[in-house]
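Here the structure is a predicted model, which means the values were calculated and not measured. The figures that follow rest on heavy atoms only: side chains count, while hydrogens, waters and symmetry mates do not.
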Amino acid sequence: MLEVALGIALCVIIGKIADADGQSGIIWGAVTFLLCFASLAIALPFLRILFAGVAAVVLMIAWKAIAGR
């Protein structure tokens, strides 16, 4: 249950970071949710949330670099 709460909190946090950066918070929150869902193959629950958060931030930075912002 705690993992679900952390996943929701992570989606909201990444969405707020994207919104503050001038990007779409809803899209990045959805991307983070998909990353949390895709990381179900990892056996350790809290490692899944950490992986999804790090992957979302790396994707956001890469997207910003590719878009030339």
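Both I61 and W63 are part of a single hydrophobic cluster, where members link through side-chain heavy atoms under 4.5 Å apart. Both L47 and V58 are part of a single hydrophobic cluster, where members link through side-chain heavy atoms under 4.5 Å apart.
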>> Assess the residue pair W28 and D19 against the criterion (side chain to side chain contact (heavy atoms under 4.5 Å, CB included)); give the C-alpha distance rounded to whole Å, side-chain angles, the decisive distance to 0.1 Å, and a yes or no.
In response: CA-CA 9 Å; W28 282 107; D19 193 37; over 6 Å; no
> Going through the distances and angles, do L59 and L35 end up as a side chain to side chain contact (heavy atoms under 4.5 Å, CB included)?
Replying inline: CA-CA 11 Å; L59 282 173; L35 286 170; 4.0 Å; yes
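In this structure, I42 and S39 have side chains that are in contact, with non-hydrogen atoms separated by less than 4.5 Å. Using a 4.5 Å heavy-atom threshold, the side chains of I14 and M60 count as touching.
Enclosure of atom CD1 in I27 is not indicated, since only 12 or fewer non-hydrogen atoms of other residues, nucleotides or ligands lie within 6.0 angstrom.
Rounded to the nearest 0.5 Å, atoms CG (L10) and CG (L50) are 9.5 Å apart. Note that the CD atom of E3 and the CG atom of L44 stand 10.0 Å from one another [nearest 0.5 Å].
Between A56 and T32 the shortest heavy-atom distance is CB-OG1, 3.6 Å. For A18 against S24, the heavy-atom pair with the smallest separation is CB-O, 4.0 Å.
Checking each of V31, V4, I49 against C36 for a side-chain contact (heavy atoms from CB on, under 4.5 Å) leaves exactly one that passes, namely I49.
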